[in-house]
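In this text, all values refer to a predicted model and were calculated from it rather than measured experimentally.
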Amino acid sequence: MESLGKVSLTTLDIFGHTITFNFTTLIMTWVVMILFVLLAILSTKRLKRVPSKGQGLVEMTYEFLEDITLSTLGKKDGKKYVPFIVTLFLFILLANWIGIIPNLFHFLGTLIALVHKAMGGAIDISYQGITKFYISPPSNAWYSALFKIPGLEEPTRSVNTDLALGILVFILVQAYGIKNKGIYGYIRSFADDPFPMKGPLILFFFLNPFFYLNILSMLANVVSHSFRLFGNIFGGSMIIVIGSSLLKHFIVPVGLYAFFGLFAGLVQAFVFTMLAVTYIQQQQG
């Protein structure tokens, strides 16, 4: 609890310049990417006409996101962005979920240890309060490894990861807007919303306050897009930490993991992805 909210930073000196970064977030991002690649390889290695459960789940997810993207952007533009949208969703989803994996193993180990204790096993249970007790299974017990799995931190719990994803979407959206509207049409879109400046009035676009408001709104989208994901994932993880410290190994933390880890992680990945689709749709002519 004393370390709640603290961020572990690492400094690195390169050519006389000091670089500060979160080493844990960097490592966990690479872990998520490696897992993502492995899952992609495994899910497409043995494709069948009659899909297995794993293949069916992947195909259902892809088709669901594909339908939303095509219905929003149209078939012509939508097909080009389906791979990006699916990749974005699955990466964020895996990044949101990876933190609960050790907790699920720890909970499974706790259940096995309690059953073992009820059957007369030599399980050491130390009580440190009404809501705090710790289980120490024998070192030779096959399930003792479940308690030794190290904790994993969600990369999306770091604002740097979320901001990087927001900037990635922002660059893609603006590039699409310039390609779709042309440079002149792209710049003019800031002055024509919400009141079109027709004819020679466009020469005085710099006097239109909405021109600057639209630019600020575009930049604000990056912040709101990123911090929405960060706030929900970070806030959920803090609630889990607090609840788990108060009710160690009880059913309430498990419910918190299920809601803030599984459900909220899924919802936030979907919301972030759908906002990306909406921003792309706004740049259509």
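Atom CG of residue L35 and atom CH2 of residue W30 lie 13.0 Å apart, to the nearest 0.5 angstrom. T273 contributes atom OG1, which lies 6.5 Å from atom CD1 of I85 (distance to the nearest 0.5 angstrom). Rounded to the nearest 0.5 angstrom, L266 CG and F270 CZ are separated by 9.0 Å. Atom CG of L39 is separated from atom CD1 of I34 by 12.0 Å, given to the nearest 0.5 angstrom.
With contacts defined as side-chain heavy-atom distances shorter than 4.5 Å, the pair M28/R157 does not qualify. Residues M218 and Q174 meet the side-chain proximity criterion, which asks for heavy atoms closer than 4.5 Å. Using a 4.5 Å heavy-atom cutoff, the side chains of Q282 and T278 are in contact. The side-chain heavy atoms of V159 and F227, taken from C-beta on, include a pair separated by under 4.5 Å. The shortest side-chain heavy-atom distance between V82 and L65 does not fall under the 4.5 Å cut-off. Residues N96 and L229 have side chains in contact (heavy-atom distance under 4.5 Å, counting atoms from C-beta outward). With a 4.5 Å cut-off on side-chain heavy atoms, T161 and F230 do not count as touching. With a 4.5 Å cut-off on side-chain heavy atoms, F272 and V169 count as touching.
Residue L38 places its CG atom among more than 12 non-hydrogen atoms of other residues, nucleotides or ligands, all under 6.0 Å distant. Within a 6.0 Å sphere centred on NZ of K79, heavy atoms belonging to other residues, nucleotides or ligands number 12 at most.
No donor-acceptor distance shorter than 3.5 angstrom exists from the side chain of S226 to the backbone of V223, with no hydrogens or angles considered. T72 contributes no side-chain N or O that, together with a main-chain N or O of T69, makes up a donor-acceptor pair within less than 3.5 Å. Side chain of T61 to main chain of L57: a donor-acceptor pair is present (N/O by atom type, distance under 3.5 Å, no hydrogens or angles).
Checked against the 6.0 Å centroid criterion, the rings of H225 and F170 do not qualify as a close aromatic pair.
Minimum interatomic distance between N214 and S189 (heavy atoms only, all atoms of both residues): ND2-O, 4.4 Å. Considering every non-hydrogen atom in both G265 and L93, the closest pair reads O-CD1, 4.0 Å. Closest heavy-atom contact between T29 and P155: OG1-CB, 3.6 Å.
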Check the pair M60, F64 against side-chain contact (heavy atoms from CB on, under 4.5 Å), reporting the backbone distance first and the verdict last. CA-CA 6 Å; M60 183 178 64; F64 174 72; 5.5 Å; no
Could you go step by step and tell me if R228 and Q268 meet the side-chain contact (heavy atoms from CB on, under 4.5 Å) rule? CA-CA 8 Å; R228 180 184 290 104; Q268 294 308 315; 4.2 Å; yes
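Considering T156, I233, I92 in turn, T156 is the only one that fulfils the side chain to side chain contact (heavy atoms under 4.5 Å, CB included) rule with D162. For the ring-ring contact (aromatic ring centres under 6.0 Å, His included) with Y176, the lone residue among Y81, F84, Y186 that qualifies is Y81.
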